[in-house]
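For reference, the structure is listed below as structure tokens.
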Amino acid sequence: QVQLVESGGGLVQSGGSLRLSCTASGSLFSINTMGWYRQAPGKQRELVATIPRVGNTNYAESVKGRFTISRDNAKNAVYLEMNILKPEDTAVYYCNANVRSRSWGNSRDYWGQGTQVTVSS
């Protein structure tokens with residue numbers, strides 16, 4: 001089994017910054033792409049940013065230039081640095097990881113429990 005634990009959410013004023021962290025534990029033979037998604041009230045969950053084990057990052061247009069995703073493979077962790085936050089960034093943010101738990105078999109996606117980010121105007 002694999003667990004993803006997020007931290008770093010909270011309440012911040014418009015224009016402020018927050019840093020989210022997510023650490024994976026459990027049966028981790030390898031971790032492929034990691035990412036952050038968010039879900040605002042009444043809306044569907046949407047991609048914020050993803051980062052492969054090796055390669056280029058990917059961002060939603062709405063966060064480009066403001067958010068930065070990074071990862072530490074030695075710590076099985078992924079981070080999201082969020083700057084110039086706007087009220088429309090308010091949502092529950094979820095960590096995602098595509099994990100292979102054994103040297104054989106398929107990988108699968110896992111999700112964290114979510115962390116609330118609230119940006120006041």
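Atoms considered below: every heavy atom in the structure, side chains included; atoms not considered: hydrogens, waters and symmetry mates.
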Side-chain H-bond candidate by donor/acceptor type, T90 with E88, under 3.5 Å: no
The reported gap from CE in M82 to OG1 in T68 (rounded to nearest 0.5 angstrom) is 11.0 Å
In this structure, is the centre-to-centre distance between the rings of Y37 and W111 below 6.0 Å? yes
Of V92, L18, V5, L20, which is the lone residue that meets side chain to side chain contact (heavy atoms under 4.5 Å, CB included) with T115? L20
Over all heavy atoms of both residues, which pair between Y59 and A49 is shortest? Give the atoms and the distance, please. CD2-CB, 3.6 Å
Determine, using the 4.5 Å side-chain heavy-atom cutoff (strictly less than), whether I69 and L85 are members of one ILVMFWY cluster. yes
Grouping I, L, V, M, F, W and Y whenever their side-chain heavy atoms are under 4.5 Å apart, do I51 and L4 come out in a common cluster? yes
Would you please test V48 and Y93 for side-chain contact (heavy atoms from CB on, under 4.5 Å) and show each step? CA-CA 9 Å; V48 176; Y93 284 69; 4.1 Å; yes
Taking every non-hydrogen atom, the tightest pair across K43 and Q39: O-NE2, 3.1 Å
Which atom of A91 lies closest to which atom of A40, heavy atoms considered: CB-N, 3.8 Å
Do W36 and N96 come within less than 4.5 Å of each other through their side chains, counting heavy atoms only? no
Determine, step by step, whether V63 and R38 satisfy the side-chain contact (heavy atoms from CB on, under 4.5 Å) criterion, reporting the C-alpha distance in whole Å, the side-chain angles of both residues, the deciding distance to 0.1 Å, and the verdict. CA-CA 12 Å; V63 307; R38 67 187 181 186; 4.0 Å; yes
Side chains of C22 and V78 in contact at under 4.5 Å (non-hydrogen atoms): yes
Close side-chain approach of Q113 and E6, heavy atoms under 4.5 Å: yes
Check for me whether R71 meets the cation-pi criterion with Y79, that is, NZ or CZ under 6.0 Å from the six-membered ring centre and within 45 degrees of the ring axis. no
Verdict with reasoning, L80 to F67, per side-chain contact (heavy atoms from CB on, under 4.5 Å): CA-CA 7 Å; L80 187 68; F67 291 10; 4.2 Å; yes
Please tell me whether V119 and I84 are part of a single hydrophobic cluster in this structure, the criterion being side-chain heavy atoms less than 4.5 Å apart. no
Using the rule given for side-chain contact (heavy atoms from CB on, under 4.5 Å), can you reason through L47 versus N58, listing the C-alpha separation, both sets of side-chain angles and the distance that settles it, and then say yes or no? CA-CA 9 Å; L47 179 147; N58 179 50; 4.0 Å; yes
Tell me whether R108 contacts the main-chain N or O of R100 through its side chain, where contact means a donor paired with an acceptor under 3.5 Å. no
Got a donor-acceptor contact below 3.5 angstrom from the R66 side chain to the E81 backbone? no
Without placing hydrogens or testing angles, list every side-chain donor-acceptor pair under 3.5 Å for residues 23-34, not counting sequence neighbours.
unit_1, atom_1, unit_2, atom_2, d
S25, OG, Q3, OE1, 3.4
S27, OG, Q1, N, 3.4
N32, ND2, N98, OD1, 2.8

Between Q13 (side chain) and S120 (backbone), is there a donor-acceptor pair under 3.5 Å? no
